[in-house]
> 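Got a structure for you, questions after.
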Amino acid sequence: MAERTPVNVVWLKRDLRLSDHEPLTYALEKGLTLLYYVFEPLLINDPHYDERHWRFVWQSIQDLNHQLAPYNSCVYVYIGDAIAGLNEINKAFSIQQLLSHEEVGLSSTFTRDKAVKAWCVSQKITWYEYEYGGVIRGKKNRNKWDENWYRVMRAPLSEPPLSATSLVNIKSLAVLKLAELSVELPVEWKNDNNLMLKGGELWAKRTLQSFLKERGKSYHFDISKPLASRKSCSRLSPYLAWGNISLRQFYQAILLKRKDVGWKNPLNKLASRLHWHCHFIQKFESEYEMQFRPVNKAYENLQFPAMHCGLTVEERLCKWKTAQTGYPLVDACMLCLIDTGYLNFRMRAMLVSFLCHHLMVDWRLGVASLAKLFLDFEPGIHYPQFQMQSGVTGTNVIRVYNPVKQSQEKDKDGEFIKKWLPQLAQLPKEVIHTPWLLSPMEEQLYEFVLGGSYPLPVVDIDETGKIARDILWGFQKRYDTKKEGQRILTTHVRTPNRSKKATK
């Protein structure tokens with residue numbers, strides 16, 4: 001039997017790039033390196049994920065392979081269990097070290113990583129895991145957390161020394177049955193969807209360049225507007241979520257650009273958002289049980305009605321999911337999200353608020369549905385934010401969004417609504433936000449039938465808003481809620497003056 005070639009394996013997870021990649025840099029410096037990605041049924045069948053995510057990942061891998069082609073190499077892709085894929089590699093080669101970034105994922109990936117760790121021990125393979133951004137694994141408080149974050153963000157980029165001699169070549173990878181990949185991947189993953197952003201490091205760089213060239217100058221003005229934000233926001237969220245660009249690369253590009261005239265205010269605001277990005281992921285890392293329960297355990301006792309406004313829980317949830325609430329901005333946002341995978345932060349918060357406050361549905365029944373739609377789904381941000389917007393933290397201001405007010409303020413001419421609800425396009429901006437208030441004469445004038453091609457409101461938000469506020473504010477005043485709130489603040493919030501501002 002031929003002696004197996006020793007290799008270092010870089011396990012790509014949510015870090016699908018070749019630049020600023022510490023595990024890859026270390027592996028290449030130590031010897032022959034193989035890049036490994038696994039499409040796991042564990043995640044493919046998970047309700048948080050959709051084909052849009054795997055299409056984005058596949059596009060990202062194609063981009064990596066394009067960059068690796070000059071070195072006569074590519075990513076080894078395995079479809080199946082992560083350990084089974086590692087076993088295949090270890091049969092063909094001799095794995096010396098496994099290297100990856102730490103993953104702040106779902107409970108299922110945490111369990112998988114523990115199994116991989118045990119496998120590495122059994123095979124006498126050392127697994128090196130590198131910190132993700134400024135997130136510290138196992139940290140139980142925020143002592144010196146900010147200092148570490150700034151240190152990481154300002155550190156020199158880690159540029160892997162790629163070469164044909166340091167990467168396993170395509171011919172050597174043939175023993176791992178790479179050719180079967182074209183047969184096994186679902187065709188839907190390979191077909192582009194022009195309404196969604198395309199994955200890959202190249203597209204991440206182009207998006208960043210276009211933002212810093214001109215688009216971002218209006219960032220701080222347009223961030224809350226559903227239509228204008230699609231241009232003025234960075235649109236880098238999926239590239240950060242899947243690691244086509246590192247948070248450090250983005251942050252340092254901002255620091256450099258904000259010195260230019262007209263860029264200080266928008267980029268200061270954005271820099272603070274990047275800090276919050278890691279704050280929420282750290283929160284989830286420190287208390288991952290919030291995937292299944294409220295971070296404030298007192299809210300386990302919060303009861304949601306089986307019947308509300310004459311509808312069952314299932315009926316209310318269905319109206320929300322299928323954009324049939326009768327509130328134009330809510331439905332337009334849901335339809336936009338379904339088709340494009342993107343929505344700005346304010347509108348995401350409104351969707352969660354409408355579900356949990358006006359429809360009185362437990363946040364746990366909707367959390368996976370939105371994750372499945374967000375192309376930029378990041379577990380560590382999604383769960384803390386979903387709970388915050390639903391009002392079950394006991395430490396944040398309760399915001400019961402009024403979708404009519406949001407519509408009139410953030411889409412005052414109804415352009416976003418008309419784009420996603422063409423059946424309302426003939427209505428003037430004065431009434432498009434509240435079509436149910438049309439008089440019989442106006443119905444005839446605009447050839448619009450109330451409850452016809454567009455449904456009547458599923459609830460009366462004046463009534464449901466008051467109900468939600470009374471319940472949530474009352475619950476927040478409880479002793480057990482306040483006690484839990486103190487625990488949360490001690491664990492997840494830095495004390496005043498402990499850190500400097502992100503925009504220093």
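Because only heavy atoms are used, hydrogens play no part in the values below, and waters and symmetry mates are left out as well, while side chains stay in.
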> Which pairs, with at least one residue in residues 16-35 and sequence neighbours excluded, count as a ring pair (Phe, Tyr, Trp, His ring centres under 6.0 Å)?
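Listed by first then second residue: H21-H101, Y26-Y128.
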> Got a second to check how far Q97's CD is from K30's NZ, nearest 0.5 Å?
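Output value for this atom pair is 7.5 Å.
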> For N344 and P226, which heavy atoms make the closest approach, and how far apart are they?
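Heavy atoms of N344 and P226 come nearest at OD1-CA, 3.7 Å.
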> Go through the structure and list residues passing side chain to side chain contact (heavy atoms under 4.5 Å, CB included) with S246, not counting sequence neighbours.
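S246 satisfies side chain to side chain contact (heavy atoms under 4.5 Å, CB included) with R17, D20, R248, Q249 once adjacent residues are dropped.
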> State the CG-CG distance between N8 and L34, to the nearest 0.5 angstrom.
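That separation rounds to 10.0 Å.
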> Could you tell me if the side chain of L167 sits less than 4.5 Å from the side chain of L32, heavy atoms only?
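Side-chain contact under 4.5 Å: no.
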> Please list all pairs meeting salt bridge (Lys or Arg N to Asp or Glu O under 4.0 Å) that have one or both residues in residues 274-287, counting only residues at least two apart or in different chains.
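Those involving residues 274-287 are E287-R293, E287-R487.
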> Would you check if the side chain of D376 reaches a backbone N or O of S237 as a donor-acceptor pair within less than 3.5 Å?
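Not a single qualifying donor-acceptor pair exists.
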> Roughly how far, to the nearest 0.5 Å, is the CG atom of D50 from the CD1 atom of I338?
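Taking CD1 in I338 and CG in D50, the distance rounds to 10.5 Å.
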> Taking atom types as modelled, is there a side-chain donor on W242 or D15 under 3.5 Å from an acceptor on the other?
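No, no side-chain donor-acceptor pair sits under 3.5 Å.
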> Please confirm whether the backbone N or O of N143 pairs with a side-chain atom of K139, one donor and one acceptor, at under 3.5 Å?
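Between the backbone of N143 and the side chain of K139 there is a qualifying donor-acceptor contact (under 3.5 Å).
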> Find out whether T109 and T111 are in side-chain contact, i.e. whether some heavy atom of one side chain is under 4.5 Å from a heavy atom of the other.
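No, side chains not in contact.
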> Looking at OG of S108 and CG of L42, how far apart are the two atoms once the value is rounded to the nearest 0.5 Å?
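It is 4.5 Å, given to the nearest 0.5 Å.
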> Keeping the roles fixed (side chain from N45, backbone from P41), state whether a donor-acceptor pair exists under 3.5 Å.
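It does hold such a pair.
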> For L373 and L343: C-alpha separation, side-chain torsions, deciding distance, then whether side-chain contact (heavy atoms from CB on, under 4.5 Å) applies.
CA-CA 10 Å; L373 297 178; L343 200 62; over 6 Å; no
> Is any side-chain heavy atom of F345 less than 4.5 Å from a side-chain heavy atom of I223?
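Sidechains of I223 and F345: no contact.
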> Any idea which heavy atoms bring G200 and S60 closest together, and the distance?
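Between these two residues, the closest heavy atoms are N-OG, 3.3 Å.
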> If you apply the rule side-chain contact (heavy atoms from CB on, under 4.5 Å), what do you find for L18 with L162, and how did you get there?
CA-CA 9 Å; L18 297 181; L162 300 169; 4.1 Å; yes
> When rounded to the nearest 0.5 angstrom, what is the spacing between CZ in R151 and NZ in K144?
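The NZ atom of K144 is 9.5 Å from CZ of R151, to the nearest 0.5 Å.
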> Under the ring pair (Phe, Tyr, Trp, His ring centres under 6.0 Å) rule, collect the residues that match up with H277, sequence neighbours excluded.
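Residues passing ring pair (Phe, Tyr, Trp, His ring centres under 6.0 Å) with H277: none at all.
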> May I ask you to test the L274-F250 pair for a side-chain heavy-atom distance under 4.5 Å?
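Touching, per the 4.5 Å side-chain cut-off.
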> Quick one: pull up CG in L185 and CD1 in I61 and give me the separation to the nearest 0.5 Å.
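Between atom CG of L185 and atom CD1 of I61 there are 8.0 Å.
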> Does NZ or CZ of R258 fall inside the cone over W263's six-membered ring, less than 6.0 Å from its centre and within 45° of the axis?
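No, a cation-pi geometry is absent between R258 and W263.
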> Keeping the roles fixed (side chain from Q389, backbone from L351), state whether a donor-acceptor pair exists under 3.5 Å.
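Judged by distance alone, no pair lies under 3.5 Å.
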> Are any non-hydrogen side-chain atoms of P266 and L270 less than 4.5 angstrom apart?
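Heavy-atom side-chain distance check fails, nothing below 4.5 Å.
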> Please report the shortest heavy-atom distance between V392 and V295, naming the atom on each side.
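Scanning both residues completely, I find the closest heavy atoms to be O-CG1, 4.5 Å.
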> Would a distance-only check, ignoring hydrogens and angles, find a side-chain to backbone donor-acceptor pair under 3.5 Å from R14 to A241?
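It does hold such a pair.
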> Spell out, as yes or no, whether a donor-acceptor pair under 3.5 Å connects the side chain of S353 to the backbone of A349.
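No.
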> Would you please say whether a donor-acceptor pair under 3.5 Å links the side chains of E29 and T25?
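Note: E29 and T25 side chains miss the donor-acceptor criterion.
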> Check L12 against Y37 and note the closest heavy-atom contact, atom names and distance.
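Residues L12 and Y37, closest heavy atoms: O-CD1, 3.2 Å.
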> When you measure from the side chain of Q282 to the backbone N and O of I136, does any donor-acceptor pair fall under 3.5 Å?
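Answer holds: yes.
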> W127: which residues meet the ring pair (Phe, Tyr, Trp, His ring centres under 6.0 Å) condition with it, sequence neighbours left out?
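Once residues adjacent in sequence are excluded, the partners of W127 under the ring pair (Phe, Tyr, Trp, His ring centres under 6.0 Å) criterion are W11.
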> Write out all pairs satisfying ring pair (Phe, Tyr, Trp, His ring centres under 6.0 Å) with one or both partners inside residues 196-228, taking only residues at least two apart or from two chains.
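Qualifying pairs, neighbours excluded: none.
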> Could you tell me if R215 and S210 have a donor-acceptor pair between their side chains, going purely by distance under 3.5 Å?
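Present: a donor and an acceptor within the cut-off.
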> Assess the pair H279 and F284: is the distance between their ring centroids shorter than 6.0 Å?
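Centroid distance H279-F284: not below 6.0 Å, so no.
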> Holding to side chain to side chain contact (heavy atoms under 4.5 Å, CB included), I want the full list of residues that pass it with D63, two or more places apart in sequence or in another chain.
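Expected list: Q67, E201, L202.
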> Measure the shortest side-chain to side-chain distance between I89 and V9 over non-hydrogen atoms and say whether it is less than 4.5 angstrom.
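Side-chain contact under 4.5 Å: yes.
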> Just say parallel, tilted or perpendicular for the rings of H275 and W149, cut-offs at 30° and 60°.
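Correct class here is perpendicular.
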> How would you list, by chain and number, every residue that makes a ring pair (Phe, Tyr, Trp, His ring centres under 6.0 Å) with F110, sequence neighbours excluded?
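Per chain and number, F110 pairs via ring pair (Phe, Tyr, Trp, His ring centres under 6.0 Å) with Y288.
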> Please answer whether the main-chain N or O of T491 pairs with a side-chain N or O of N141 as donor and acceptor at a distance below 3.5 Å.
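It does not hold such a pair.
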> Please confirm whether the ring centroid of Y49 lies under 6.0 Å from the ring centroid of F377.
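Yes, the ring of Y49 comes within the 6.0 Å limit of the ring of F377, centre to centre.
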> Take Y78 and L86, measure what side-chain contact (heavy atoms from CB on, under 4.5 Å) needs, and give me the verdict at the end.
CA-CA 9 Å; Y78 185 80; L86 290 170; over 6 Å; no
> So which pairs with a foot in residues 101-124 pass salt bridge (Lys or Arg N to Asp or Glu O under 4.0 Å), sequence neighbours left out?
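Residue pairs with at least one partner in residues 101-124: K13-E103, K13-D113, E40-R112, E103-R112.
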> Looking at every non-hydrogen atom in both residues, tell me the closest pair between H492 and S286 and how far apart they are.
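For H492 and S286, the tightest heavy-atom pair comes out as CE1-CB, 3.8 Å.
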> Judged by atom type as modelled, is there a donor-acceptor pair below 3.5 Å linking the side chain of R235 to the main-chain atoms of T207?
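Looks like no, no N/O pair under 3.5 Å.
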> Indicate the atoms forming the closest heavy-atom contact of Y132 with L240, along with that distance.
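Closest approach of Y132 to L240: OH-O, 4.2 Å.
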> Quick one: list whatever passes side-chain hydrogen bond (donor to acceptor under 3.5 Å, both in side chains) with S94, sequence neighbours left out.
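Checked S94 against side-chain hydrogen bond (donor to acceptor under 3.5 Å, both in side chains); matches are Q96.
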> Just by distance, do the side chain of Q406 and the backbone of Y401 share a donor-acceptor pair under 3.5 Å?
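Checked: no pair found.
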> Which residues satisfy the ring pair (Phe, Tyr, Trp, His ring centres under 6.0 Å) test with F374, sequence neighbours excluded?
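Ring pair (Phe, Tyr, Trp, His ring centres under 6.0 Å) list for F374, sorted by chain: H382.
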> Is there any salt bridge (Lys or Arg N to Asp or Glu O under 4.0 Å) pair reaching into residues 216-232, and which pairs are they, with sequence neighbours excluded?
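Salt bridge (Lys or Arg N to Asp or Glu O under 4.0 Å) check on residues 216-232 returns D222-K225.
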> Whether the Q59 and D192 side chains hold a donor-acceptor pair (N or O, under 3.5 Å, no angle test) is what I'd like checked.
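There is such a pair (donor and acceptor under 3.5 Å, judged by atom type) between the side chains of Q59 and D192.
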> Taking the side chain as every heavy atom from C-beta outward, state whether C333 and W420 have any atom pair closer than 4.5 Å.
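Counting from C-beta outward, C333 and W420 never come under 4.5 Å.
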> Tell me whether R55 forms a cation-pi arrangement with W58, defined as NZ or CZ under 6.0 Å from the six-membered ring centre and within 45 degrees of its axis.
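That pair does not qualify as a cation-pi contact.
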> In the structure I gave you, are the side-chain heavy atoms of F56 and R52 within less than 4.5 Å of one another anywhere?
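With C-beta onward as the side chain, the pair stays apart.
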> Let's go through E131 and R137 carefully: what are the C-alpha distance in whole Å and the side-chain angles of both, what is the deciding distance for side-chain contact (heavy atoms from CB on, under 4.5 Å) to 0.1 Å, and is it a yes or a no?
CA-CA 8 Å; E131 185 178 281; R137 175 156 288 180; over 6 Å; no
